[in-house]
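Heads up: the structure comes next, in structure tokens.
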There are 2 protein chains.
Amino acid sequence: MPIPSSNRLLPIHSTRADVQSSLYDISTQCTVINYTILKLISDENDFLVTPVAERTTPKKTAADDIPDRMDIRTIARLANVSIATVSRTINRVSTVNPKMAKRVWDVIEKFDFVPNTQARALVSGRSKLFGLLISEITNPFFPELIQGFEDIAVEHGYEILVSSTNHDPKRMSHCIRRMLERKVEGVAVMTFGLEEPLLDQLAKRKVPLVFIDVGPDRAGVSVLKIDYHHGIRQAVQHLAALGHRNIAFVSGPAGLHSAQSRLAAFSKSMKECGIAPDPARIAEGDHTLEGGAAAMDKLLALKEVPTAVLCSNDMTAIGVLHKLYRTGLRVPDDVSVIGFDDIHIAEVTTPPLTTIQMSRYELAKAAFGALRTQVESPETVHGKREFNIPTDLIVRESTGFPRGTMKHLRKK
Amino acid sequence: MPIPSSNRLLPIHSTRADVQSSLYDISTQCTVINYTILKLISDENDFLVTPVAERTTPKKTAADDIPDRMDIRTIARLANVSIATVSRTINRVSTVNPKMAKRVWDVIEKFDFVPNTQARALVSGRSKLFGLLISEITNPFFPELIQGFEDIAVEHGYEILVSSTNHDPKRMSHCIRRMLERKVEGVAVMTFGLEEPLLDQLAKRKVPLVFIDVGPDRAGVSVLKIDYHHGIRQAVQHLAALGHRNIAFVSGPAGLHSAQSRLAAFSKSMKECGIAPDPARIAEGDHTLEGGAAAMDKLLALKEVPTAVLCSNDMTAIGVLHKLYRTGLRVPDDVSVIGFDDIHIAEVTTPPLTTIQMSRYELAKAAFGALRTQVESPETVHGKREFNIPTDLIVRESTGFPRGTMKHLRKK
DNA sequence: CAGCTTGCTGCAATCGTTTTCCCAAAACAG
DNA sequence: CTGTTTTGGGAAAACGATTGCAGCAAGCTG
């Protein structure tokens, strides 16, 4: 191989690698020389087709000269290193010589090379994928949760696969199947309900899981315990303090564990406040707008219409609000309403909704953290792990004194 | 290989495959014999570890006896066929003998085998993945769109990768990068704004794209043209018919193409109705609740407060509604409000929002269809393709006669 | 200066599929 | 019974990366 005269500038003690690097560095200053030298070095000339095109349109070609097959091999050839070195460079393995690394990065950037995740995952056995199973994407609570989860995941180099089950077991099983096919490394089951049999598929394959409220007691499982009672007690106390005694509750679907927990927390809190919870004042909703409205209908049919309604989630509360509006009852003058979740839109309902906050961000963070620990250092954990998520009452304007009492105060 | 005595039941003219099949069929009746025969056939006995476990716990073992490495190879060995046959069976290639197929399916089901999508995608070059780029997942419009898109995609064997850009170019470029890494076969850019430079990465790699409203004029690009004017004209006519003349418009972000289109449609419609659009009555929002409220603030500061406000989307309208509530103005008695999108929650605002419907389902269907055609039969299309999406006014209760006029009619 | 250590780099095996090509057996024709 | 076509399954080469291992060069030691 003829050595260009320019290499005489190198220090006398240069290593062979240094010589090569310098040779390369110089060569990059001129595309023509670059490719000529590469030709001499690699003894391959099929890729010289590209440089010709590049020379004819010297200005704005960076976008066009991508060889049809851009893989780690091509990069290796262009940077004049082995594919192993390219791989190591991309993965920032510390043993690669910075000079080589620079050379590789230059080529990678020049050709906008993007490694193929599938190939990577296949050989490394790490898909860097987490599944996120939610019940319905159209409930604003979940998009906010997804947002948080995705942000954190991306920040840590993970991708997420979201699937909405719509409470349909068949759909759920499809979702799980798809996650299995994509080889997710963990799944956050944020459906607020435990569909044990369906999740067997995951458990069998020892996929780390994180649940809300309840989960099977085995290794690789984390549970996010939401402190429903704290927020709900605050809400009941708030109502009781205002003078409410006839307080109704619109629950979520009976099959949903979290809905039952919320209801239980409500009953307990009522007793704590010295009010006997009346089963007739508990209407079953389904965590949707329509369900909330329908449940309110039932409550309105009671001989003594409740002066306050606590709802299992905000969508339900908004449905209740709407039903009250339709009925001509004013909130909070005639009926007080409290929601649960504190979705963003609760701030702008008419009137703004008093609700119990449960931080989507906290939830997402805890879920991701749990999964990540299980995946990246499973040896540090044994058996099931639990995390606590707080809830807090946010007082807005949908709560006030009960109708008929303290009228003088109402007008302010 | 010793042939079990039971094969004497076979018809005299049986093919070799039949003999094998029968042998296998008989063998499956008894797990012990099954594995013994398999052992004789395959001459490998390492996988016999599993059957032993199975024998000791005969009842509920189906869940536990999955060998640690479940791949197509294992299935092939257990079904006593080649991996090629397993692959063909899974992909329902018609040339496989139904008997073999049955045998393979039995094993697959027995062990809950799930093929590895990554390996599949790698070798076939088909990731069966579409990207869905949206602007903000917290705007309920998008979840509804995602839902539709995902449903259709899954139905056709595709998966989707959703990314929310939050209008941030940096985020957007990350999103695109991630999609590239996962080798998406197409991307639906539902951001309602064209960020040309960022999408270069995709265009360069000839990834089929589908845009809303506007898109570069090149092959592989489809555009969903939304007929803003139809719905918006209906809205303006509706207001004009009610007697409104002082009609304001709260636009979306100035940088967003779709927002400009909506504004243009508004101006045009106003002129058509013989009302001169007044620039002072056009406030810029940003398609969020807060933006809507802020814009309404500006409109309230006008010497002559508009009697009707048309909004660029429903979130804006809800923000406007809230601001009006705060100000003490009644809707529609003092001010009429119209939104755009017809998100689900618009039905239950106080009062229910009159809005312009744009079908998420139509949008999703068209977007997916466009992408699919590009991917699966690119030869049938040349250059850019366009699809029309209709819009229609949905009259609810946030619109009424302008204040001060026809009072006698208002009370009904 | 021989011999050992250390630091990098390249070779090659591997991941779990799909798919092409080829060949054996069955079916059919004469 | 022989020759030809049809049928269907198996062997092996991809796909695009990662990674253990081997080996070469330079630095260090005595």
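Convention: sequence-line order gives letters A, B, ...; per-chain numbering from 1. Values below: all heavy atoms of this structure, side chains included; hydrogens, waters and symmetry mates excluded.
Regarding A:Lys99, its NZ atom lies at a distance of 12 Å from the P atom of C:dT9, rounded to whole Å. Look at NZ on B:Lys128: it is 17 Å from P on C:dT17, rounded to the nearest Å. When the P atom of C:dC15 is taken as reference, atom CZ of A:Arg126 falls 18 Å away, rounded to whole Å. B:Ile75 has its CD1 atom 12 Å from the C1' atom of C:dG16, to the nearest Å. The CZ atom of A:Arg92 sits 13 Å away from the P atom of D:dT18 (whole-angstrom rounding). Atom CZ in A:Arg120 sits roughly 8 Å away from atom P in D:dA17 (whole-Å rounding). For A:Asp71 and D:dT18, the CG to P distance is 12 Å, given to the nearest whole Å. Nucleotide D:dA14 holds its P atom 14 Å from the CG atom of B:Leu122, rounded to whole Å.
OP1 and OP2 of C:dC15 both lie 4.0 Å or more from every side-chain N or O belonging to B:Asn116.
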Going 5' to 3' along nucleotides 4-12 of chain D, which nucleotides have protein heavy atoms under 4.0 Å from the base (write B), which only from the sugar-phosphate (write S), and which from neither (write -)?
----SBBB-
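Minimum heavy-atom separation, B:Val207 to B:Val184: CG1-O, 4.2 Å.
You'll find that the side chain of B:Ser87 is closest to C:dT19, out of D:dA14, D:dT18, C:dT19.
Summarising the geometry, atom CE belonging to B:Met172 is positioned 11.0 Å from atom CD belonging to B:Gln201; distances are rounded to the nearest 0.5 Å. Expressed to the nearest 0.5 Å, how far CZ of B:Phe111 lies from OG1 of B:Thr74 amounts to 9.0 Å.
Salt bridge B:Asp71/B:Arg77: absent, no basic N to carboxylate O contact under 4.0 Å.
Between A:Arg178 and A:Ser163, the side chains place a donor N or O and an acceptor N or O closer than 3.5 Å (distance only, hydrogens not considered). Using modelled atom types, one finds a donor on one side chain and an acceptor on the other under 3.5 Å when comparing B:Arg120 with B:Asn91.
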